[in-house]
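Notes follow once the structure below has been shown.
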Amino acid sequence: MEKNEVMKMKSSESQVMDGSDIMKLVGNEAVFSNFVDHKFQELDIDKDGKLSVKELQPAVADIGVALGLPPQGSSPESDHIYSEVLQEFTHGKQEKVSKTEFKEVLSDILLGMATGLKRDPIVLLRMDGEDLLEFVKSPAFEPEMLSLYSELELPDGSLKDYIIKAFEKLTVDQGMPPASDSWVMSNVVEPVVESCIGVSNEQSVTQETFLAEFKKVAESAAQRLKEQPVIVAHSENTFDGSGIKRLLSNKFELDKTLDSSLKTIPRDRHGKMSKEYLRVALDVLAPSAGLPPIGAVDQMDKVIQEVCKMLDADDGKMVKEEEFKKLLTEILGSMMLQLEGNPVSVSTNSVVHEPLTSSSTLLQPPSISEM
């Protein structure tokens with residue numbers, strides 16, 4: 001968390017999401033009950049006192065957003081997690097959910113999210129151009145930009161191409177919100193490049209030209225950010241196997257987690273399960289082992305792929321429940337050893353857009369700040 005703390009001090013305006021607000025909400029029985037009443041009433045469209053699968057969808061979608069998942073339909077891996085959240089509410093049946101059941105499951109999910117945020121807080125940064133301007137004026141600007149220039153492989157690229165590509169490589173540390181975000185690209189980068197460079201971009205792009213022109217465009221981008229600040233959610237996670245180690249060292253917790261992960265796995269008439277569902281089960285127990293959802297972190301997906309290949313976990317054979325659990329435990333143990341030797345560190349920066357948060361208010365209880 002050292003880098004997060006540095007960024008918090010560096011940014012003029014930042015907010016740390018560490019799960020404490022969620023803990024306060026769930027921990028205050030009266031406030032949480034009022035919160036559940038309000039949300040249940042909001043979701044219960046037909047006012048029959050129960051929530052159908054269709055009525056639960058906005059809640060499931062909101063939880064997905066809060067977990068950092070892409071929208072439903074984007075990938076099979078994330079869609080499976082959405083399905084798991086829905087099954088948590090419905091207990092795997094297509095029945096309506098009572099307010100009591102809704103409250104219990106929502107409490108479990110929110111507490112799980114709060115635990116995750118306590119372990120890996122998210123820093124919300126308001127990027128208003130000050131840090132970018134500071135970087136442009138700093139002694140580090142010239143050497144860092146020349147190093148970046150040498151990495152750009154654009155043999156036939158115009159000056160405009162070079163500058164846009166350079167913006168894509170700038171980081172939050174240098175005061176630039178991620179240009180990979182389409183809003184940032186179309187509302188910040190492209191307009192300032194167009195206004196500063198214009199059509200005079202057919203010249204040979206030397207280091208000197210690049211440096212001088214990029215400085216001019218970056219100063220313009222800083223001004224634009226001052227007029228239109230961008231909120232960026234910054235998080236840093238290191239997966240070093242410690243979460244797996246904790247789980248494996250507690251037999252009671254491990255058995256309970258394994259049983260829970262197998263609840264939704266289909267079985268044949270002999271009670272056997274296909275090994276092709278090992279990843280599905282691994283995804284369900286991931287939070288208990290301090291692991292990200294499958295599909296969320298490429299480096300972690302590669303670790304899982306290597307371990308599964310090593311243990312012949314992808315041959316699709318049918319196995320008994322005990323064998324299935326044993327394989328899951330072996331996968332976890334092998335992952336732990338790999339991560340202990342080569343930890344995976346991931347830094348993410350995502351632009352926070354208002355439409356995402358305003359589409360539903362399930363995870364934005366109005367009373368949190370009043371507690």
Side-chain angles (χ1 to χ4, degrees), residues 17 19 21-22 25-26 29 31-117 233 259-267 273 276-277 279-288 292-296 350 352-368:
M17 295 171 63
D21 282 347
I22 297 175
L25 170 69
V26 180
E29 179 58 34
V31 173
F32 186 57
S33 292
N34 286 336
F35 169 58
V36 169
D37 288 344
H38 173 74
K39 297 305 171 188
F40 192 91
Q41 189 175 357
E42 189 179 283
L43 293 167
D44 186 15
I45 304 299
D46 61 10
K47 306 302 177 192
D48 68 346
K50 291 197 172 184
L51 299 181
S52 65
V53 169
K54 186 177 179 182
E55 289 171 331
L56 280 165
Q57 287 299 340
V60 173
D62 258 357
I63 289 167
V65 170
L67 291 172
L69 297 176
Q72 280 180 281
S74 300
S75 75
E77 290 85 0
S78 59
D79 283 355
H80 169 69
I81 299 170
Y82 280 109
S83 175
E84 286 296 325
V85 172
L86 182 60
Q87 289 198 33
E88 281 291 318
F89 280 114
T90 62
H91 303 295
K93 302 171 185 175
Q94 293 295 311
E95 295 178 1
K96 293 197 169 189
V97 176
S98 69
K99 189 188 290 186
T100 303
E101 291 170 318
F102 178 72
K103 181 180 180 181
E104 285 175 2
V105 175
L106 188 59
S107 171
D108 288 344
I109 290 173
L110 288 177
L111 286 173
M113 287 169 58
T115 302
L117 284 170
D259 287 339
S260 177
S261 71
L262 266 58
K263 279 181 183 175
T264 58
I265 305 298
R267 302 159 196 248
M273 294 169 276
E276 68 184 32
Y277 285 97
R279 278 184 171 82
V280 174
L282 187 63
D283 215 16
V284 177
L285 62 77
S288 302
I294 290 177
S350 307
V352 179
H353 297 284
E354 285 307 312
L356 278 179
T357 55
S358 60
S359 59
S360 178
T361 57
L362 177 72
L363 298 178
Q364 301 156 37
S367 52
I368 285 184

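Quantities reported herein were computed from a predicted structural model and do not represent experimental measurements.
- When all heavy atoms of Asp46 and Lys50 are compared, the closest pair comes out as OD1-O, 4.3 Å.
- Taken from CG in Leu285 to CG in Asp259, the straight-line distance is 11.5 Å, to the nearest 0.5 Å.
- Taking NE2 from His38 and CG from Leu43, the interatomic distance works out to 9.5 Å, rounded to the nearest 0.5 Å.
- In this structure, the side chains of Glu104 and Thr100 come closer than 4.5 Å at one or more pairs of heavy atoms.
- Within the model, atoms CZ of Phe35 and OG of Ser107 stand 10.5 Å from one another, a figure rounded to the nearest 0.5 Å.
- Considering all non-hydrogen atoms of both residues, Pro292 and Ala286 come closest at O-CB, 3.8 Å.
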> Arg267 and Leu262: side chain to side chain contact (heavy atoms under 4.5 Å, CB included), yes or no, with the steps?
Replying inline: CA-CA 10 Å; Arg267 302 159 196 248; Leu262 266 58; 4.0 Å; yes
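- Annotation for Phe102 and Lys39: closest pair CE2-CB, 4.4 Å, computed over non-hydrogen atoms.
- Side-chain atoms of Phe32 and Lys103, non-hydrogen and from C-beta on, do get closer than 4.5 Å to each other.
- When the side chain to side chain contact (heavy atoms under 4.5 Å, CB included) test is applied to Ser260, no partner is found at least two apart in sequence or on another chain.
- Going from atom CG of Leu282 over to atom CD1 of Ile294 covers 5.0 Å, rounded to the nearest 0.5 Å.
- Other residues, nucleotides and ligands contribute more than 12 heavy atoms inside 6.0 Å of the CD atom of Glu276.
- In summary, Lys47 and Glu55 do not engage in a salt bridge, as defined by a charged side-chain N under 4.0 Å from a carboxylate O.
- In this structure, Phe89 and Leu51 have side chains that are not in contact, with every pair of non-hydrogen atoms separated by 4.5 Å or more.
- Within the 4.5 Å cutoff, no side-chain heavy atoms of Asp44 are placed close to those of Lys96.
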